[in-house]
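Written out below as C-alpha cells is the structure these notes cover.
Atom set for the values below is all heavy atoms of this structure, side chains included, hydrogens, waters and symmetry mates excluded. Whatever order the structure lists them in is the order used to number ligands and atoms, beginning at 1. Numbers for residues simply follow the sequence, beginning at 1.
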Amino acid sequence: MNLVSIIAKPEITITKNPYLVSSPLLFFSNKTKSETSIPRVLFSSMSYNKELAAAKKAVSLAARLCQKMQKAILQSDVQSKSDKSPVTVADYGSQALVSYALQRELPSEQFSLVAEEDSEDLLKDGGQETLERITKLVNDILASDGSYSDCTLSTEDIVKAIDCGKSEGGSRGRHWVLDPIDGTKGFLRGNQYAIALALLDEGTVVLGVLACPNLPLTSIAGGSQHSLPGEVGCLFFSVVGGGTYMQPLDSSSAVKVQVNATDNPEEASLFESYEAAHSMHDLSSSIVKKLGVKAPPVRIDSQAKYGALSRGDGVIYLRFPHKGYREKIWDHAAGCIVVSEAGGLVTDVAGNPLDFSKGRYLDLDTGIIVTNQKLMPSLLKAVRESIEEKASSL
Ligand SMILES: Nc1ncnc2c1ncn2[C@@H]1O[C@H](COP(=O)(O)O)[C@@H](OP(=O)(O)O)[C@H]1O
Ligand SMILES: [Mg+2]
Ligand SMILES: [Mg+2]
Ligand SMILES: [Mg+2]
C-alpha cells in the first residue's frame, strides 16, 4: 500500500504504512498537541509557523519549475542533451523563485539568504539570452500557480532575487540557506535531485524543507528508485522540536516519519553519493563491512538520501569527500534537520554535530556520518578504525 492510497482513503488502517509513526490525529497539526504535555514542541513549532508555510510554498514552486525543465531535458534529442543550458536555467530559476517567494510571503522580516548560485555568469557577454529564458520560466510558473499576479518580473528583478543569496550567514540573526538544485548531475541524468531550504537562527538550523521531485512515495529500500507515474515526488519538512513530516509534492496531507531505529547492523543499509568523485566509496565499503552490514550500498544523488533515511528506507549515510574539498552549508542544512527531527544523528568523524554557524562552508573533521542513535557509537568506531587502516596502508 502506498502513501497516496492511504491519504486518499483515510478509513484504511494506516498503521500498515511503514512511515507512519503516529495516529492520524497527529497529521501535521500543532493544534492536536497539548501545551502542558509538550510545551517545547508547541513553542518551537509555533515560533516558525509563518516561516514554514513560506518555505513550503517557495520550495513547491521551485520544484514545479525543476520538474518542467527536467522533462524538457529528457525529451530533448541526443544533440541538445549535451547542451547543459537547461540545467543552468533550472538552477538559477529555482533560486530566483525561492528568493522572490520568501520575500513576498514574509514582507516584514529582514531577509538574508545564503545560496549556491549568483548572477555573475548571467551578466557576462552572452548571458542575456539565458537570463531572458529564466525570467520567462519564472513568470510562467508564477502565472500558472496564480501567485503574485500583481507583478511580472523583469530580468533585473530576477538578477536581484538571485543575488540576494550572497549572504555570508553566520552565528547571528536569521539566514535562509538554499540549494536551488542539489544533485545537479542526477537532475541532468533524470535521476534524483532535491530543492533544499533551511532556516538558520542564531547559528542553529531551526527549520528545513526538502523537495525530492523524483523520490518515490514508497520506500526505496533495496535500491528500487523507480515508481509508477503519480507515485513520485516527496516534500519533507521539519521544525526544531516538532518532528519530521512528509507529504506528496502535489498534496497537503502529511504523515510523521521516523528513522529506522534498528541496532542490528545486519538489518542496516547504506546510502552514498551516486557520483564516485563526491565520496570515497572504498572507505564506505570497508566501514560497513567491518560493521556487519549485509545489503549492498544504495547510491543516489542529492539530499534525497537524507529524506529517504528520515523515513527509514535505509539506516546509514556516509560521505567522505576527497582531500581538499570543502562542504557547503546548503548541501546539508535542510537534510540534517530532516534526519535529526526524525530521530537520527548527523555528525562528523569525531562525533561532533555539524556546525552551520561558520559562514558558507562547514568546518568539518573529515566526513559526514548519518545514522540512528543506537548504531552511531559502533558506526563511529568502525569509521575511525577504517580511516586508520586506510592511512597505514598508504
Ligand atoms: N568533489 C566533490 N566532493 C564532494 N562533494 C562535491 C564534489 N563536487 C561537488 N560536490 C557537491 O556534491 C553535491 C551533490 O551531492 P551528492 O553527491 O550527494 O549528490 C553537489 O551539489 P550540487 O549538485 O548542488 O552542486 C556539490 O555541492
Ligand atoms: Mg548541492
Ligand atoms: Mg545545487
Ligand atoms: Mg552545484
Margin query: Checking contacts here: is it the side chain or the backbone of Lys305 that comes within 4.0 Å of ligand 1, counting heavy atoms only? Could be both or neither.
Written below: side chain
Check: Would you call Arg189 and Glu275 a salt bridge, taking side-chain N to carboxylate O under 4.0 Å as the test?
Finding: yes
Note to self: With a 3.5 Å distance limit and no angle check, can you tell me whether Thr244 reaches the backbone of Val338 through a side-chain donor-acceptor pair?
What the structure shows: yes
Next item on the list: Say whether Asp182, considering both its backbone and side-chain N or O atoms, lies within less than 3.5 Å of an N or O atom on ligand 1.
Entry: yes
Notebook entry, point to check: For atom 9 (C) of ligand 1, which protein heavy atom lies nearest, and how many Å away is it?
Noted result: His278 NE2, 3.5 Å
Notebook entry, point to check: Is there a heavy atom in Glu275 that sits closer than 4.0 Å to ligand 1?
Noted result: no
Item checked: Check: Gln258 side chain, Gly312 main-chain N or O, donor-acceptor pair, under 3.5 Å -> no
Note to self: Here's a test for you: under side chain to side chain donor-acceptor pair (under 3.5 Å), which of His278, Arg299, His281, Arg319 qualifies with Ser273?
What the structure shows: Arg319
Next item on the list: May I ask you to check if ligand 1 and His322 share an N or O to N or O distance below 3.5 Å?
Entry: no
Margin query: the Mg ion (ligand 4) and Glu116: any N/O/S contact shorter than 2.8 Å?
Written below: yes
Margin query: At less than 4.0 angstrom from any non-hydrogen atom of Asp301, what atoms of ligand 1 do you find?
Written below: 19 (O)
Item checked: Short N-O contact, Lys160 and Asp157, less than 4.0 angstrom -> no
Checklist line | Residue-ligand contact Arg319/ligand 1, heavy atom below 4.0 Å | finding: yes
Next item on the list: Consider every N or O of Ile181 and every N or O of ligand 1, then say whether any pair is closer than 3.5 Å.
Entry: yes
Next item on the list: Look at the side chain of Gln303 and the backbone N and O of Trp330, then say whether any donor-acceptor pair between them is shorter than 3.5 Å.
Entry: yes
Next item on the list: May I ask you to identify the nearest protein heavy atom to atom 27 (O) of ligand 1, giving residue, atom name and distance to one decimal place in Å?
Entry: Asp331 OD2, 2.6 Å
Check: Hey, is Glu116 touching ligand 1 through its side chain, its backbone, both or neither, going by heavy atoms under 4.0 Å?
Finding: side chain
Check: Does Glu341 use its side chain to pair, donor to acceptor, with the backbone of Gly242 at less than 3.5 Å?
Finding: yes
Checklist line | Heteroatom of Asp182 nearest to the Mg ion (ligand 2) (N, O or S, atom name) | finding: OD1
Note to self: Tell me whether Tyr274 has any N or O atom under 3.5 angstrom from an N or O of ligand 1.
What the structure shows: no
Next item on the list: Answer yes when Lys328 and Asp179 have at least one side-chain N-carboxylate O distance shorter than 4.0 Å, and no when they do not.
Entry: no
Next item on the list: Answer yes or no: is there a donor N or O on one side and an acceptor on the other, between the side chain of Gln95 and the main chain of Asp91, under 3.5 Å?
Entry: no
Checklist line | Min heavy-atom dist Gly183 to ligand 1 below 4.0 Å | finding: yes
Margin query: To make sure I understand the geometry: which N, O or S atom in Asp179 is closest to the Mg ion (ligand 2)?
Written below: OD2
Notebook entry, point to check: Once the angle between the rings of Tyr148 and Tyr100 is folded into 0 to 90°, is it parallel (under 30°), tilted (30 to 60°) or perpendicular (over 60°)?
Noted result: perpendicular
